[in-house]
Amino acid sequence: MKSTTETLSPTRVKLTIEVPFEEFKPSLDAAYKTIGSQITIPGFRKGKVPAAIVDQRVGRGPVLDEAINAALPGWYSQALQDTNLQPLSQPEIDLSKFEDGEPIEITAELDVRPELTIPDISTIEVTVEDAEVSDDDVTEQLTALQERFATFAEVDRAVAEGDFLTIDLSAAQNGEEIPEAQAAGMPYTVGKATMLDGLDEAVIGLSAGETKTFTTQLVGGELAGQDVDVTVTVKDVKEQQLPELDEEFAQTASEFDTIDELKADLTDRVTRGKRMEQANEARDLVLDEIVSKIDAPLPESLVTEELTSRRQQIEQQLAMAGVPFQQYLDDEEQTVDEFEAELEKRVRDSLVAQFVLDQIVADQEFGIDDNELSQHIMRRAQQSGEDPNSYIQHIMEHNHVPEMVSEVLRGKALASLVEGAKVSDKSGNVIDLARLQADGTFADQADADADESDADQADDDADAAEGDDTK
């Protein structure tokens with residue numbers, strides 16, 4: 001089999017496949033066997049009917065058709081491998097030459113990733129937020145920890161901000177109750193604003209047993225976006241009581257003996273979290289900067305397909321939330337034309353970004369081992385909230401493994417781009433993301449922590465880590 005390509009445009013090629021008839025004979029033999037097993041000939045067992053008899057009964061033409069249809073997918077896949085083509089669309093296949101006993105020629109036109117001119121990464125400079133940890137950041141973490149160990153005491157007073165309530169809700173429109181908008185005994189935290197607009201204002205100042213009616217809009221159901229009258233009844237009022245920030249609390253809530261040790265640990269955790277936020281921000285900014293410098297041709301069929309998919313996703317999300325499309329546009333302060341233009345820009349930029357990363361993967365010949373793929377799949381399972389075994393079974397059954405492989409490889413490509421760019425924070429400090437590890441520590445810092453008594457050894461380890469491009 002011989003395969004050649006002809007460039008029709010920067011994003012489309014014509015693939016020509018030539019197959020000697022001799023290489024077609026195994027497929028022809030298999031076709032005779034298949035058709036022979038489907039017909040009944042006196043004196044012959046099914047599947048054992050000679051080719052000459054099959055030709056007499058059904059003709060040579062149907063056998064040739066059966067054989068070529070079975071052989072085409074394999075030839076096409078082999079031709080893609082031979083020519084290193086990565087299709088972006090279903091091919092338009094034409095059987096150019098197909099005569100019994102003669103060489104076979106097939107042509108296929110398909111969209112492919114364009115060759116891009118990647119800008120010099122060392123010229124890319126981006127600025128990210130500082131990773132400074134304020135007292136407020138630590139206090140926020142401490143408060144969240146206190147709330148995990150808080151107790152609640154019923155109080156005989158009016159509702160105030162932060163109280164924990166049990167409430168009954170009843171919605172009506174034009175004096176008629178809405179059956180699907182009735183609820184009793186619901187827990188609610190004042191100030192969270194997670195249920196209905198105006199609910200906080202309605203309950204503040206009420207006491208247990210008191211009722212108030214206010215006008216709002218439902219966020220779901222058939223009446224979503226319409227004005228309704230909601231009556232709320234406060235059943236009980238509880239006040240949150242936080243534990244004291246003392247040594248006893250530190251020992252109860254953590255592995256530390258003192259509150260100072262606990263605060264130091266929280267400070268370290270917040271710092272590492274902010275470093276990871278810096279890294280994520282840097283990745284987005286670096287990739288956006290590269291994309292903005294590339295005028296990439298795109299297959300319009302691929303753009304159209306992706307636009308349709310994105311629109312459907314947005315429509316499904318709005319439908320699940322019970323939000324009409326026009327209300328969504330009003331909330332975003334956009335016209336239909338502005339929405340379409342912004343969506344198309346996002347789609348085009350996203351496709352260019354994928355092409356950039358795929359080209360970096362090919363140029364630098366990134367690879368992936370089983371352990372990396374397994375870890376990535378486990379992370380995706382955790383993010384989805386599904387049982388890992390069920391998640392793995394799903395991606396295997398639906399052949400999503402190639403997508404997982406692409407995600408890992410593109411991640412490596414993006415990391416290499418970020419490490420090659422200049423990343424600074426707003427205070428002017430250059431950030432060496434090549435040394436940033438998955439837990440938010442820097443490689444040399446981790447080495448130093450592991451052996452504080454030997455500073456020289458820690459420095460040597462840091463140098464080695466930098467040389468290995470530890471991430």
Are [X] and [Y] close enough that some pair of their side-chain heavy atoms sits under 4.5 Å apart?
X: E372; Y: H376; answer: no
X: I104; Y: I68; answer: yes
X: P388; Y: M378; answer: yes
X: K412; Y: Q364; answer: no
X: V126; Y: D288; answer: no
X: I124; Y: K293; answer: yes
X: I360; Y: S416; answer: yes
X: I377; Y: I392; answer: yes

[Y] backbone acceptor or donor facing [X] side chain under 3.5 Å:
X: D200; Y: V190; result: no
X: S350; Y: R346; result: no
X: Q240; Y: A150; result: no
X: D268; Y: A264; result: no
X: T34; Y: A30; result: yes
X: Q182; Y: I178; result: yes
X: E129; Y: Q278; result: no

Between CD on residue E419 and CG on residue L414, distance to nearest 0.5 Å: 9.5 Å
Distance, nearest 0.5 Å, that separates CG of L116 from CD1 of I290: 11.0 Å
Those residues that, when tested against E115, pass side-chain contact (heavy atoms from CB on, under 4.5 Å) (two or more places apart): Q359
Test side-chain contact (heavy atoms from CB on, under 4.5 Å) applied to D120 - qualifying residues, sequence neighbours left out: S122, T123
Do we see a donor-acceptor contact under 3.5 Å between the side chains of [X] and [Y]?
X: T127; Y: S424; result: no
X: D137; Y: S134; result: yes
X: Q78; Y: D82; result: yes
X: D130; Y: S427; result: yes

Throw together a table of side-chain donor-acceptor distances under 3.5 angstrom for residues 316-332, partners on residues two or more places apart or in other chains.
unit_1, atom_1, unit_2, atom_2, d
Q326, NE2, D330, OD1, 3.1

salt_bridge(R311, E340) N-O dist < 4.0 Å: yes
Parallel, tilted or perpendicular, as decided by the 30° and 60° cut-offs, for the rings of F21 and F24: perpendicular
Plane angle bin for F149 and F249 - parallel if under 30°, tilted between 30 and 60°, otherwise perpendicular: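 The rings of F249 and F149 stand perpendicular, inter-plane angle above 60°.
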Pairs flagged by ring pair (Phe, Tyr, Trp, His ring centres under 6.0 Å) wherever residues 288-310 is involved - sequence neighbours left out: none
Sequence neighbours excluded - ring pair (Phe, Tyr, Trp, His ring centres under 6.0 Å) pairs with any residue from residues 104-133: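 Ring pair (Phe, Tyr, Trp, His ring centres under 6.0 Å) check on residues 104-133 returns no pairs.
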Atom CG of N371 with >12 non-hydrogen neighbours under 6.0 angstrom: yes
Option among M276, R269, K274 that satisfies the side-chain contact (heavy atoms from CB on, under 4.5 Å) test with R272: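 When M276, R269, K274 are each tested with R272, the side-chain contact (heavy atoms from CB on, under 4.5 Å) holds only for R269.
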Can I get a per-line list of side-chain donor-acceptor pairs under 3.5 Å for residues 3-20, giving both atom names and the distance, sequence neighbours left out?
unit_1, atom_1, unit_2, atom_2, d
S9, OG, T11, N, 3.3
S9, OG, R12, N, 3.2
R12, NH1, D111, OD1, 2.9
R12, NH2, E92, OE2, 3.4

